2 protein chains.
Amino acid sequence: MRLSQGVEWGLHCALLLAQAPDGLAVPRRTLAEHYDLPEAYLAKQLQSLVAAGILHAVSGPRGGYRLARPPAEITVLDVLDAVEGTADPFVCQEIRQRGVIPVTPEQCRRPCAIAAVMTRAHQAWRASLRAVTLAELAGRVPRPVREQQRARFAQLRQSPRRAGGPRSGTAAAGAAGSAHD
Amino acid sequence: MRLSQGVEWGLHCALLLAQAPDGLAVPRRTLAEHYDLPEAYLAKQLQSLVAAGILHAVSGPRGGYRLARPPAEITVLDVLDAVEGTADPFVCQEIRQRGVIPVTPEQCRRPCAIAAVMTRAHQAWRASLRAVTLAELAGRVPRPVREQQRARFAQLRQSPRRAGGPRSGTAAAGAAGSAHD
DNA sequence: TAATCGTGGATATTAAATGTCTACGAAGGC
DNA sequence: GCCTTCGTAGACATTTAATATCCACGATTA
């Protein structure tokens, strides 16, 4: 059992957008560069978040992605459900009914105890993720990291192209110990 | 994210063994027929349970599998860990450190909040599974199903071969509404 | 000694995750 | 109106894991 990469990508991108000023749209390329992710594949993951109503996509110049609602109203579970789906990782195949001597459907009115236990565990997992919002996560971002991001967003507002700034000029400064999250 | 079939197989087989009398060993073929599972692949899953110290394998004629310890001392989590491993389904790739402006390792002394949230959820999931033992699950098996199994185990003790009994003779009776779990 | 078992490894098959590419439509600036 | 910057949608290719099968081998018992 393993969660796809899209979960980490989606959570980090959503968390980054949660720290963007008001309604600023962040282009996909900027997000991809920020975390060194394949832009084309990231597009797929972000589409899921848009379809789920977590992100809002803006077309055209100065376009990009922004949160569809306040960070305090988006839980980690919301992002998980959008990227991974809401299905229980345990899929009961009812092998009780398949054997040499199959259980009759009447005896299966109540789902088998095993499936019940697995479902309860899944609910506990979901409840834990539902208890945390993007706003709370944003509050835990270290101050220096947050300020670095603020500068990045400012750049974005001024020059619509090459959101990371001139690559050659900032290479030295970037390697000197800047931070993001 | 999805759990492998082996989880359901392992849980059902362990639950069945939990209902077997004292130290009776149940051959793999019997288990496979009981749930209509591919015997060769089931062997792989059972090996994991043996390696984890949950099952004990007995070689030779009258051999098979039995629980390595009392059902009350085997939790659902034990089986899950044996079959699926104990790894967190969320693997943090620390994409914070990979971007155009990487976060310095010093700023990552504390694991990123996102990973922390995911880990906590995983712990909640595990705690939920750890709270249930095979003995408790066995107690929830319907009475008629349990008695059917008792008869099956008795057959096993008497005739070492063809644990399911003569296939042709029991076909009609088997379809008439017998039960197992 | 022969028959019944489980073990371990090699191998094939299938499904899903991962990643890329291209044509297209939407929206703003000139 | 036209062009550029964007996201969208779908068709692919690639990689990895799950699923499954098979066989030679050792252990055990009648």
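Just so it is clear, the model here is predicted, and its values are computed rather than measured. Sequence lines set the chain letters: A, B, ... in the order given, protein chains first and strands last, and positions in each chain run from 1.
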Peer 1: B:Glu8 side chain to A:Glu94 main-chain N or O, any donor-acceptor pair under 3.5 Å?
Peer 2: yes
Peer 1: Do the side-chain N or O atoms of B:Tyr41 get closer than 4.0 angstrom to the phosphate oxygens (OP1, OP2) of D:dT19?
Peer 2: yes
Peer 1: Between A:Leu55 (CG) and D:dC6 (P), how many Å, whole number?
Peer 2: 17 Å
Peer 1: Give me the atom names and distance for the closest heavy-atom approach of A:Ala72 to A:Thr133.
Peer 2: O-CG2, 3.4 Å
Peer 1: Specify the separation, in whole Å, of atom CE of B:Met1 and atom C1' of C:dA15.
Peer 2: 18 Å
Peer 1: Measure the distance from CG on B:Leu3 to P on D:dA17 and round it to the nearest whole Å.
Peer 2: 16 Å
Peer 1: Answer yes or no: is there a donor N or O on one side and an acceptor on the other, between the side chain of B:Glu84 and the main chain of B:Ser4, under 3.5 Å?
Peer 2: yes
Peer 1: Send over the distance from A:Arg62 CZ to C:dA26 C1', rounded to a whole Å.
Peer 2: 18 Å
Peer 1: Using every non-hydrogen atom in the two residues, find where B:Trp125 and A:Met118 come nearest and quote the distance to one decimal.
Peer 2: CZ2-CE, 4.3 Å
Peer 1: Where the side chain of B:Arg69 meets the backbone of B:Gly53, is there a donor-acceptor pair that is under 3.5 Å apart?
Peer 2: yes
Peer 1: Write out a two-atom table: protein N or O, nucleotide N or O from nucleotides 13-16 of chain D, distance below 3.5 Å.
Peer 2:
none

Peer 1: Are any side-chain N or O atoms of B:Asp81 and backbone N or O atoms of B:Asp78, one a donor and one an acceptor, separated by less than 3.5 Å?
Peer 2: no
Peer 1: Send over the distance from A:Trp9 CH2 to C:dA17 C1', rounded to a whole Å.
Peer 2: 10 Å
Peer 1: Looking at C:dG28, C:dA17, C:dG19, which one has an atom nearest to any side-chain atom of A:Pro61?
Peer 2: C:dG28
Peer 1: A:Glu84 has an atom CD; how far is it from atom P of C:dA16, in whole Å?
Peer 2: 13 Å
Peer 1: Where do N or O atoms of nucleotides 7-10 of chain D meet protein N or O atoms at under 3.5 Å, pair by pair?
Peer 2:
residue	atom	partner	partner atom	Å
D:dG7	OP1	A:Arg28	N	2.8
D:dT8	OP2	A:Tyr65	OH	3.1
D:dG10	O6	A:Lys44	NZ	3.4

Peer 1: Looking at B:Arg130 and B:Leu77, would you say the former's side chain and the latter's main chain have a donor-acceptor pair under 3.5 Å?
Peer 2: no
Peer 1: Take the protein atom CZ of B:Arg2 and the nucleotide atom P of C:dT14, then report the distance between them rounded to whole Å.
Peer 2: 17 Å
Peer 1: Tell me whether A:Gln19 contacts the main-chain N or O of A:Leu15 through its side chain, where contact means a donor paired with an acceptor under 3.5 Å.
Peer 2: yes
